[in-house]
There are 2 protein chains.
Amino acid sequence: MIKIVIYDDHKARREALRLLVSFQQDMRCIGDYEDCSDLVSNLKSDPPDVVLMDIHMPGVDGIEGVKLLRKNYPDTLIIMQTIFEDDDNLFNCLLAGANGYILKKAPNEKLIEGIYDVVNGGAPMTPAIAKRVLEHFSKKPSTDNRHLYDLSRREMDILGCLVKGYSHKMIAAELFISPFTVNNHIKKIYQKMQVHSVSEAVATAINKKIV
Amino acid sequence: MIKIVIYDDHKARREALRLLVSFQQDMRCIGDYEDCSDLVSNLKSDPPDVVLMDIHMPGVDGIEGVKLLRKNYPDTLIIMQTIFEDDDNLFNCLLAGANGYILKKAPNEKLIEGIYDVVNGGAPMTPAIAKRVLEHFSKKPSTDNRHLYDLSRREMDILGCLVKGYSHKMIAAELFISPFTVNNHIKKIYQKMQVHSVSEAVATAINKKIV
DNA sequence: TTAAAATTGGCCAGATCAGGCTATTTCCCC
DNA sequence: GGGGAAATAGCCTGATCTGGCCAATTTTAA
């Protein structure tokens, strides 16, 4: 039996969802609330398996709710619900640890299917949302940032060493060149990358996925 | 009218897919091939809108196919097809630029739905695949690396500054403390993280997702 | 309440780095 | 063949960082 709790500020929708869940053989709604202000105490006595979480709620909203759930009930599965697919909060939710993302306008079967999906370890989401996730996630590898700063081959070698935490000396030994040469390459790298220290260069390189 | 091309080494499946497509009002299969060895010339005369691409094919396989398509026909949409959801090639395909990922065992309606999804700019995928993408993308589902080195709150502040490329002085100014104090915290950080320079600390912090 | 840990501040010597300069050799492209 | 970029090597000065040391105060935990 899958225990479900509903968070939504619309009373009518809460009741509709409750009804929908009650029609399922192996699901049971064990609570519905209009916001997450008392989430921790709400669920204490009987933690649910799945939480249907509206994003936009007055008071403590769904994003805070996800964080609270992850902190206090790490095993509880969370399905976010929103009206728009291009909600900017999408990534905040997913990063905060939501398991799925289903539109409110989705047909009931999709929602039920989504509940089964998360229970089975999946992450149900609409194709449009999946697209955004993919883009966000493959942005760095797909776009070729290696030439962002137009670093030469040797400069890339040296930047690679810097990222590994090597000192000038160690780089010289690693690449069989003089420390002076290393120093020169690094100077050139700084110019091209518009930084002024190893740490800045390393941070920039890693964040922009150049190496 | 959506023009579709099929790549699959199984003749029977190619014909089944062709038949399925032919049943749709607004789709037309304009070609099917058993591998991607002549992909570029195959599609030259009449580039398709959507390609259904099997991953595992003898000769030039689907992954190479995706790369060829992206290079020569960047606007063509690609739906990958495989038997297993945990295929290691999954990420290679998605990174190479596949638009969707549908299981071979999926019902026909799902495939047709997926074709419409990619045409509408979505990225159809099964919940299990979406889950893997999400995990790969947020890279910290279970392990809380923040306490990996048992850094104190203040040490985390300072490490955060280091990652941003700040110098000792800048950190002192940022946190309203003496440069000497910064120096002490950094020394402690080095001890705990087992490193000996800012760049090493930054590289370690970013790679292990501590900050 | 007491002990431990965290945070703060300080000093100093030696090593390292940042950024200025010049110069030679190699390689690729026009 | 010539121009230009890349890679190499060298020097120097001042700034910065590393890693010892010590000690006061505050916060946290036992």
Side-chain angles (χ1 to χ4, degrees), chain A residues 40 67 71-72 144-211, chain B residues 144-211:
Chain A
V40 178
K67 291 176 187 168
K71 190 173 180 180
N72 297 282
D144 194 352
N145 286 319
R146 278 176 303 173
H147 302 111
L148 190 57
Y149 296 108
D150 193 30
L151 297 182
S152 73
R153 195 173 308 172
R154 203 53 162 174
E155 285 157 2
M156 287 296 295
D157 291 343
I158 274 143
L159 185 57
C161 289
L162 290 179
V163 168
K164 283 191 270 181
Y166 289 12
S167 70
H168 292 198
K169 260 189 196 171
M170 290 163 74
I171 296 173
E174 177 82 11
L175 302 180
F176 303 106
I177 54 177
S178 153
F180 298 106
T181 308
V182 174
N183 192 229
N184 278 319
H185 286 306
I186 290 180
K187 277 184 281 190
K188 214 92 203 300
I189 292 171
Y190 287 177
Q191 281 174 26
K192 289 183 178 176
M193 295 180 70
Q194 294 281 304
V195 297
H196 304 280
S197 69
V198 175
S199 46
E200 259 188 286
V202 170
T204 308
I206 295 179
N207 286 327
K208 306 218 171 169
K209 301 230 186 234
I210 294 169
V211 285
Chain B
D144 188 355
N145 287 321
R146 277 177 306 172
H147 302 110
L148 190 57
Y149 296 108
D150 192 32
L151 297 182
S152 73
R153 197 172 305 174
R154 203 53 161 174
E155 284 157 3
M156 286 296 295
D157 290 345
I158 274 145
L159 183 58
C161 289
L162 290 179
V163 168
K164 282 192 270 181
Y166 289 13
S167 69
H168 292 198
K169 259 190 196 172
M170 290 162 75
I171 296 172
E174 177 81 12
L175 302 180
F176 303 107
I177 55 178
S178 154
F180 297 106
T181 308
V182 173
N183 192 228
N184 277 319
H185 286 306
I186 290 179
K187 276 185 280 191
K188 213 93 205 294
I189 292 171
Y190 286 177
Q191 282 173 25
K192 289 183 178 176
M193 296 179 71
Q194 295 280 304
V195 297
H196 304 279
S197 69
V198 175
S199 46
E200 260 190 285
V202 170
T204 308
I206 295 179
N207 287 328
K208 305 218 171 169
K209 300 234 181 225
I210 293 169
V211 285

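Computed from heavy atoms alone, side chains included, the values below leave out hydrogens, waters and symmetry copies. We name chains A, B, ... by the order of the sequence lines, and we start the count at 1 in each one.
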Worksheet item: Do the side chains of A/R154 and A/D157 get nearer than 4.5 Å, heavy atoms only?
Response: yes
Worksheet item: Can you find a side chain N or O atom of B/Y190 that sits less than 4.0 Å from OP1 or OP2 on D/dG19?
Response: no
Fill in: Heavy-atom side-chain proximity of B/L175 to B/V182 below 4.5 angstrom
no
Worksheet item: Under the side-chain contact (heavy atoms from CB on, under 4.5 Å) criterion, do A/V202 and B/S199 qualify, and how do the steps go?
Response: CA-CA 7 Å; A/V202 170; B/S199 46; 4.0 Å; yes
Worksheet item: What integer distance in Å separates B/R153:CZ from C/dA6:C1'?
Response: 10 Å
Worksheet entry | Non-hydrogen side-chain atoms of A/I158 and A/I186 separated by less than 4.5 Å | yes
Worksheet item: Looking across every strand, which nucleic acid part, if any, lies under 4.0 Å from A/H196 by heavy atom: base, sugar-phosphate, or nothing?
Response: sugar-phosphate
Practice prompt. Give the rounded distance in Å between these two atoms: CD1 of A/I189 and P of C/dA18.
Written response: 11 Å
Fill in: Value in whole Å for how far the C1' atom of D/dT18 lies from CD of B/E200
12 Å
Worksheet entry | Spacing of B/L159 atom CG and B/M193 atom CE [to the nearest 0.5 Å] | 5.5 Å
Worksheet item: Can you tell which of C/dT7, C/dT8, D/dC17 lies closest to the side chain of B/S167?
Response: D/dC17
Discussion item. Measure CD1/A/I186 against C1'/D/dT16 and give the value in whole Å, please.
Written reply: 15 Å
Item to complete: For the residue pair B/H185 and B/T181, establish whether any side-chain heavy-atom pair is separated by less than 4.5 Å.
Response: yes
Practice prompt. Check whether any side-chain N or O of B/K187 sits under 4.0 Å from OP1 or OP2 of D/dG20, and answer yes or no.
Written response: no
Worksheet item: Could you give the NZ-to-P distance, from A/K188 to C/dG19, as a whole number of Å?
Response: 15 Å
Worksheet entry | Atom pair distance, as rounded to whole Å: CD1 in B/I158 and C1' in D/dC17 | 15 Å
Practice prompt. Report the distance from atom CZ of A/R154 to atom C1' of D/dA9, rounded to the nearest whole Å.
Written response: 13 Å
Discussion item. Taking A/M170's backbone N and O only, do any of them form a donor-acceptor pair with A/E174's side chain (distance below 3.5 Å, no angle check)?
Written reply: no
Worksheet item: Heavy-atom contacts under 4.0 Å between residues 172-183 of chain A and DNA chain C, which residues?
Response: A/N183
Worksheet entry | B/H168 side-chain N/O to D/dT18 phosphate OP1/OP2 under 4.0 Å | yes
Worksheet item: Can you tell me how far P of C/dC12 sits from CG of B/N184, to the nearest Å?
Response: 15 Å
